[in-house]
Amino acid sequence: MSGIVSKFGGTSMQDALCIKRSAELCLKRKSNIVVVSATAGTTNDLIKLGEVSEKNQLVEAKGLLQKIEQKHLQIATELGLADSYVKQVQLLLSEMDSISRGISLLQDCSAKARDVLVSLGERLSSVLFTGALEQKAVGQKVQLLDVRTVLKTDDTFGRARPLVSEIAKRCESLIKDLNSVIYVTQGFIGQTLNGATTTLGRGGSDYSAALLAEGIQADVLEIWTDVAGVSSTDPRIAPEAVVIDEISFKEMSELATFGAKVLHPATLLPAIRQNIPVLVASSFEPEKPGTWVRREVKNLPLIRALALRKKQTLVTLSTPEMLHSHGFLYQLFKVFNDHRISIDAITTSEISVSVTIDNADTLSQQVISDLEKVADVQIEKDLSLISLIGNNINHTPGLAKKIFETIADVNVRMICYGASRHNFCFLVDESHGVSVIQKLHQKFITNS
Ligand code: ASP
Ligand code: MG
């Protein structure tokens with residue numbers, strides 16, 4: 001198979017005007033599969049709805065139900081959708097009502113129940129989009145596809161993992177008419193083999209689109225968002241940041257993992273597996289070229305981009321028993337593994353190991369006491385991880401000197417250097433994060 005998979009994020013779906021613009025764009029781009037996010041803010045509202053329903057706060061729940069209902073019905077009206085679509089929207093809204101009531105009665109919003117509730121965001125927006133696209137796609141067939149029939153996952157509710165070979169099988173049997181049909185489907189949501197609705201984690205629609213692109217062996221994956229591509233750093237931090245025209249898969253993987261919000265970090269895995277080029281561009285300014293992410297790129301600058309990741313936690317584990325012994329790292333990492341905690345950067349000395357963790361909430365008392373069985377534990381919070389991303393980083397003499405000269409007045413808590421050709425990262429106190437990025441951007445991007 002082949003084709004173009006285009007994904008539209010929440011802001012590209014936020015109102016009737018944006019939906020129309022996005023629909024026109026998919027016709028222009030000749031998209032074969034269109035993957036949509038929930039309308040902007042709706043996933044947050046649905047999560048809140050789950051919370052207030054669980055606490056039986058009926059007034060708040062009613063407020064949210066009405067907000068979501070009005071928003072979607074208004075878009076349907078403004079788009080002038082046919083009755084059949086309005087009815088589908090109403091059916092989904094009444095499902096939302098029932099689920100919220102069920103959660104209130106049980107006063108229990110499990111991760112499984114929450115996934116069903118939040119799935120409504122994408123299910124609603126995909127109906128609106130199908131209707132809008134059908135109006136414009138004269139002479140072309142548009143079909144709404146329930147992605148749950150295709151995107152099979154395990155049962156880790158809230159953060160489900162895709163079953164890649166199951167997805168490939170179903171793409172082949174269910175997405176057959178790529179030549180004559182434009183399929184519109186939902187991002188973010190999936191289904192277990194037993195039929196339970198799951199979600200892939202916040203921001204997961206990019207990942208869904210990539211999985212479908214892999215499933216149909218697409219020629220191109222397009223991620224349409226509200227910024228004109230991937231920037232050399234967050235322009236809100238450094239206004240002189242520039243949009244990157246081309247970046248390699250390897251660099252982009254580091255950039256997405258270490259802070260750039262523009263792509264969900266897992267998106268590139270399927271694209272890399274199938275070598276599918278990814279375009280990141282703005283549906284608001286589609287004439288701008290955007291950023292291409294691909295295996296081979298022409299330019300390989302030493303530093304292409306900088307990322308800032310806030311709220312990092314540094315866990316330092318030390319014990320003299322590590323001296324000349326073996327198996328210590330294994331024991332430590334086993335604790336992190338048993339608790340399914342993801343570690344980002346690591347440094348070690350002979351008797352201690354420091355690791356950074358993105359989500360401090362995962363560091364429960366249980367984790368800490370399990371770690372304490374193996375080593376002394378020291379925890380430092382409110383740090384920022386600074387990453388420089390580019391090429392040949394660990395084979396370039398003088399780079400570290402240049403970096404630390406530029407920020408000579410800042411205390412650096414931990415440095416990770418050497419493991420990657422594409423990344424140099426270190427931790428600083430949160431209060432220095434922004435100015436460090438500004439100075440390094442000036443030095444390595446603006447003045448280079
Ligand atoms: N609607 C989901 C979220 O807000 C998924 C996505 O937008 O990618 O997280
Ligand atoms: Mg999104």
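Basis for what follows: all heavy atoms, side chains included, without hydrogens, waters or symmetry-related copies. In this chain, numbering begins with 1 at the start of the sequence shown. Both counts, for ligands and for their atoms, begin at 1 and track the order of listing.
The residues Glu166 and Arg170 are annotated as salt-bridged, a charged nitrogen and a carboxylate oxygen being separated by less than 4.0 angstrom. Salt bridge annotation for Glu246-Arg294: present, with a cationic side-chain nitrogen under 4.0 angstrom from a carboxylate oxygen. A salt bridge does not link Asp429 with Arg413: none of the charged nitrogens is closer than 4.0 Å to a carboxylate oxygen.
Heavy atoms of Glu122 found under 4.0 angstrom from ligand 1 belong exclusively to the side chain. The part of Ser37 lying near ligand 1 is the side chain, judged by heavy-atom distances below 4.0 Å.
Heavy-atom contacts of Thr43 reach the following atoms of ligand 1: 1 (N), 2 (C), 3 (C), 4 (O) (cutoff under 4.0 Å). Taking every non-hydrogen atom of Arg202 and a distance limit under 4.0 Å, the qualifying atoms of ligand 1 come out as 3 (C), 4 (O), 9 (O).
Thr192 and Asn194 share no side-chain donor-acceptor pair at under 3.5 Å.
Using a non-hydrogen distance threshold of 4.0 Å, Gly9 does not register as a contact of ligand 1. For Gly10, the closest heavy-atom approach to ligand 1 does not fall below 4.0 Å.
Taking distance alone, with nitrogen or oxygen atoms compared against 3.5 Å, Phe188 stays at or beyond that limit from ligand 1.
Ring planes of Phe426 and Phe424: perpendicular class, angle over 60° (limits at 30 and 60°).
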*Under the side chain to side chain contact (heavy atoms under 4.5 Å, CB included) rule, what do Asp234 and Ile437 come out as? Steps first, then yes or no, please.*
CA-CA 9 Å; Asp234 185 340; Ile437 291 279; over 6 Å; no
